[in-house]
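Note that the structure is predicted; figures quoted are calculated from it, not measured. Computation of the quantities below employed the complete heavy-atom set of this structure, encompassing side-chain atoms and omitting hydrogens, waters and symmetry-equivalent molecules.
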Amino acid sequence: MSVDAGTDQVDEPGWEVDPDDDWALAVIATAGRQLRLRREAAGMRAPDFAVAIGYGEDLVYKVEGGRRIPRPEYLDRADEVLTAGGLVAAMKEDVKKVRYPKKVRDLAQMEARAVELQLYDPVNVHGLLQTPDYARALFRMRRPRYAEDEIERGVAARTARKAVFERDPAPELGFVQDEWTLRRRLGGTDVVRRQLEHLLMLGRLPNVEIQVMPMDREEHAGVDGAIEVLKFEDGTAVGRSPGVANGRPVTDLRQVRILELRYGIIRAQALTPCESAAFIEQLLGET
C-alpha cells in the first residue's frame with residue numbers, strides 16, 4: 001500500500017527482516033542492492049526517488065540497505081519510475097518467498113510435501129480452514145494489539161498455506177474441530193456465517209474430511225491440546241502437540257505413533273464427516 005509522498009515509514013511494522021533468517025536476509029539484501037544501483041544509474045537521489053514512488057525517504061534507505069522487505073506495490077512503482085522494463089518488478093517473485101516468517105514458510109513447505117495431514121485444533125478453526133475475514137478477526141484479538149499492517153501480513157501468510165488444497169495429486173486432509181470453536185461468534189455473525197459456509201464447501205472435497213467433536217462427549221482424547229501429524233511419501237512423518245516434547249516438532253517414530261493414536265481416538269469419538277456436515281448446517285441455520 002503506497003502512501004502520500006514524503007510520509008515517514010520508519011516505524012511501519014510487519015515487514016522487518018528476521019535477523020535469524022539467513023535466507024531472507026540474503027534475498028532482501030540482494031534486492032535492496034539492485035534497487036540502489038538502478039536508482040543511482042538513473043541519476044536519482046534517494047529523497048527524489050522517495051517522492052517519485054510515493055514512499056518515505058527513510059523507508060527507501062531501509063529497503064536499499066536490506067533492512068526492510070519491500071511490498072509488491074513498492075517494486076512495481078520503482079520499476080515504473082526507474083523505467084526498468086519489468087526487471088525490478090520481477091524481484092517480487094523472490095521477495096514473495098521471504099515475506100512471511102521462517103516458521104510459517106517451513107510449515108508451508110512441509111504441508112506442500114505431505115501426502116496426509118491429520119489436524120486437530122481445540123482453540124479455533126484450524127488455520128488451513130479459516131477464511132481471510134475469520135483469520136483477520138483472530139489476529140485483531142491478539143494482545144498486545146497488532147498493527148494493521150502486521151495483521152494483513154499474518155492473514156496473507158495464512159492464506160498462502162491454502163495452496164495445499166490445490167495440489168495435484170491432492171493430499172488426504174483430516175480435521176477435527178471442537179464444537180465450541182464453531183459456536184463462538186468471533187468476528188461477528190457475518191464472519192462466522194461465511195466461515196461455516198466455507199467449512200461446508202471444503203468438506204465436500206473428495207480428499208477432505210471435517211469432523212466435529214460434540215461438547216456433550218464424556219470421553220475426549222484431545223485434552224492435551226492440538227495435534228498435527230504430517231506424513232510424507234517416503235514413509236516418514238512429523239508431528240506436533242503441546243502434550244509431546246513440549247510442542248516441538250517430533251520425527252521420532254514412537255512419539256509420532258503416540259500422536260497418531262490420540263488423533264485416531266479423537267476421530268472415533270467425534271461425529272462422522274456426514275454427521276459433522278449436518279451439524280455445521282444446523283449451526284449455520286442458528287446463526
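R248 CZ to Q255 CD: the interatomic distance, rounded to the nearest 0.5 Å, is 8.5 Å. Between the CD atom in Q211 and the CG atom in L271 there is a gap of 8.0 Å [rounded to 0.5 Å]. Taking CD1 of I28 as the start and CE of M91 as the end, the distance is 10.5 Å to the nearest 0.5 Å. L117 contributes atom CG, which lies 4.0 Å from atom CG of L230 (distance to the nearest 0.5 angstrom). A distance of 11.5 Å separates CG in L284 from CD in Q195, rounded to the nearest 0.5 Å. Between atom CG of residue L25 and atom OG1 of residue T30 there is a gap of 10.5 Å, rounded to the nearest 0.5 Å.
The minimum heavy-atom distance linking P242 with A226 is given by the pair CD-O, 3.2 Å. V208 and L202 get closest at one heavy-atom pair: CB-O, 3.4 Å. D79 and A89 get closest at one heavy-atom pair: OD2-N, 3.0 Å. Among all heavy-atom pairs drawn from Y61 and P47, the shortest one is OH-CD, 4.1 Å. The two residues F165 and L128 have their closest heavy-atom pair at CE1-O, 3.1 Å. Scanning both residues, L129 and H198, for their nearest heavy atoms gives O-CD2, 3.0 Å.
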Original post:
Given V238 and M110, is the side chain to side chain contact (heavy atoms under 4.5 Å, CB included) satisfied, shown in steps?
Top reply: CA-CA 9 Å; V238 61; M110 285 194 295; 3.8 Å; yes
**OP:** Verify side chain to side chain contact (heavy atoms under 4.5 Å, CB included) between R45 and E40, making sure each step is shown before the conclusion.
**Re:** CA-CA 7 Å; R45 297 171 56 252; E40 292 175 346; over 6 Å; no
Original post:
Between Y134 and L196, is a side chain to side chain contact (heavy atoms under 4.5 Å, CB included) present by the stated rule, with each step listed?
Top reply: CA-CA 10 Å; Y134 184 90; L196 294 176; over 6 Å; no
Original post:
What's the verdict on side chain to side chain contact (heavy atoms under 4.5 Å, CB included) for V125 and F175, showing C-alpha distance, side-chain angles and the deciding distance?
Top reply: CA-CA 10 Å; V125 173; F175 300 88; over 6 Å; no
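No continuous path of hydrophobic side-chain contacts links L182 to M213 [ILVMFWY only; heavy atoms under 4.5 Å]. Cluster annotation: L205 is connected to L119 through the hydrophobic network of ILVMFWY side chains, with a link wherever side-chain heavy atoms come within less than 4.5 Å. Cluster membership check: L138 does not share its hydrophobic cluster with Y146, using side-chain heavy-atom separations under 4.5 Å among Ile, Leu, Val, Met, Phe, Trp and Tyr. Residues V212 and V223 fall into different hydrophobic clusters, defined by Ile, Leu, Val, Met, Phe, Trp and Tyr side chains chained together at heavy-atom separations under 4.5 Å. Cluster annotation: L173 and L200 are assigned to the same hydrophobic cluster (Ile/Leu/Val/Met/Phe/Trp/Tyr, side-chain heavy-atom contacts under 4.5 Å, transitive).
Residues V191 and L186 have side chains not in contact (no heavy-atom distance under 4.5 Å, counting atoms from C-beta outward). A 4.5 Å side-chain heavy-atom check between I69 and R153 finds at least one atom pair inside the cut-off. Considering only heavy atoms from C-beta on, T181 stays 4.5 Å or farther from P122 through its side chain. The side-chain heavy atoms of V256 and L259, taken from C-beta on, include no pair separated by under 4.5 Å. With contacts defined as side-chain heavy-atom distances shorter than 4.5 Å, the pair E179/I280 does not qualify. In this structure, S276 and I210 have side chains that are not in contact, with every pair of non-hydrogen atoms separated by 4.5 Å or more. Between Y55 and P70, the closest side-chain pair of non-hydrogen atoms is not below 4.5 Å. The shortest side-chain heavy-atom distance between V229 and K231 falls under the 4.5 Å cut-off.
Ion pairing between R77 and E73 fails under the 4.0 Å rule for side-chain N and carboxylate O. Between E197 and R194, none of the side-chain N atoms (NZ, or NE/NH1/NH2) sits under 4.0 Å from a carboxylate O, so this pair counts as no salt bridge. In summary, E152 and R136 engage in a salt bridge, as defined by a charged side-chain N under 4.0 Å from a carboxylate O. Using a cut-off of 4.0 Å between Lys/Arg side-chain N and Asp/Glu carboxylate O, R267 and E209 are scored as salt-bridged. Salt-bridge check for R193 with D190: failed, with every basic side-chain N at 4.0 Å or more from each acidic carboxylate O. Remark: D76 engages K92 in a salt bridge, criterion side-chain N to carboxylate O under 4.0 Å. With salt bridges taken as basic N to acidic carboxylate O contacts below 4.0 Å, none links R33 and E64.
Checked by atom type and distance alone, the side chain of Q177 pairs as donor or acceptor with a backbone atom of H126 at under 3.5 Å. Formation of a donor-acceptor pair under 3.5 Å by the T287 side chain with backbone atoms of L283 is found in this model. The backbone N or O of Q269 sits less than 3.5 Å from a side-chain atom of R217, completing a donor-acceptor pair. With hydrogens and angles ignored, the 3.5 Å screen pairs no side-chain donor or acceptor of R68 with any backbone N or O of G66. Of the possible donor and acceptor atoms, one in the side chain of R39 sits under 3.5 Å from a partner among the backbone N and O of M44. Within the 3.5 Å criterion, the main-chain N or O of T272 finds a donor-acceptor partner in the side chain of E275. The closest donor-acceptor contact from the side chain of D178 to the backbone of W180 lies at 3.5 Å or more, if one exists at all. When atom types are taken as modelled, the side chain of T159 and the backbone of V155 share a donor-acceptor pair closer than 3.5 angstrom. No donor-acceptor distance shorter than 3.5 angstrom exists from the side chain of N207 to the backbone of A170, with no hydrogens or angles considered. Remark: side-chain polar atoms of D224 are not paired, donor with acceptor, to backbone N or O of G243 under 3.5 angstrom.
For the side chain to side chain contact (heavy atoms under 4.5 Å, CB included) criterion with I227, the lone passing option out of V244, V176, I266 is I266.
Under the 3.5 Å distance criterion, with hydrogens and angles disregarded, no donor-acceptor pair is assigned to the side chains of Q109 and E111. With no hydrogens or angles considered, no side-chain donor-acceptor pair links T131 and D133 at under 3.5 Å.
More than 12 heavy-atom neighbours from other residues, nucleotides or ligands sit within 6.0 angstrom of CZ on R184. Remark: R142 CZ is packed, more than 12 non-hydrogen atoms of other residues, nucleotides or ligands lying under 6.0 Å away. More than 12 heavy atoms of other residues, nucleotides or ligands shown are found within 6.0 angstrom of CZ on R167. The local environment of CD in E286 is crowded, with over 12 non-hydrogen atoms from other residues, nucleotides or ligands closer than 6.0 Å.
Centroid-to-centroid, the aromatic rings of Y263 and Y120 stay 6.0 Å apart or farther.
Scanning for side-chain contact (heavy atoms from CB on, under 4.5 Å) contacts around A268 gives an empty result, with sequence neighbours left out.
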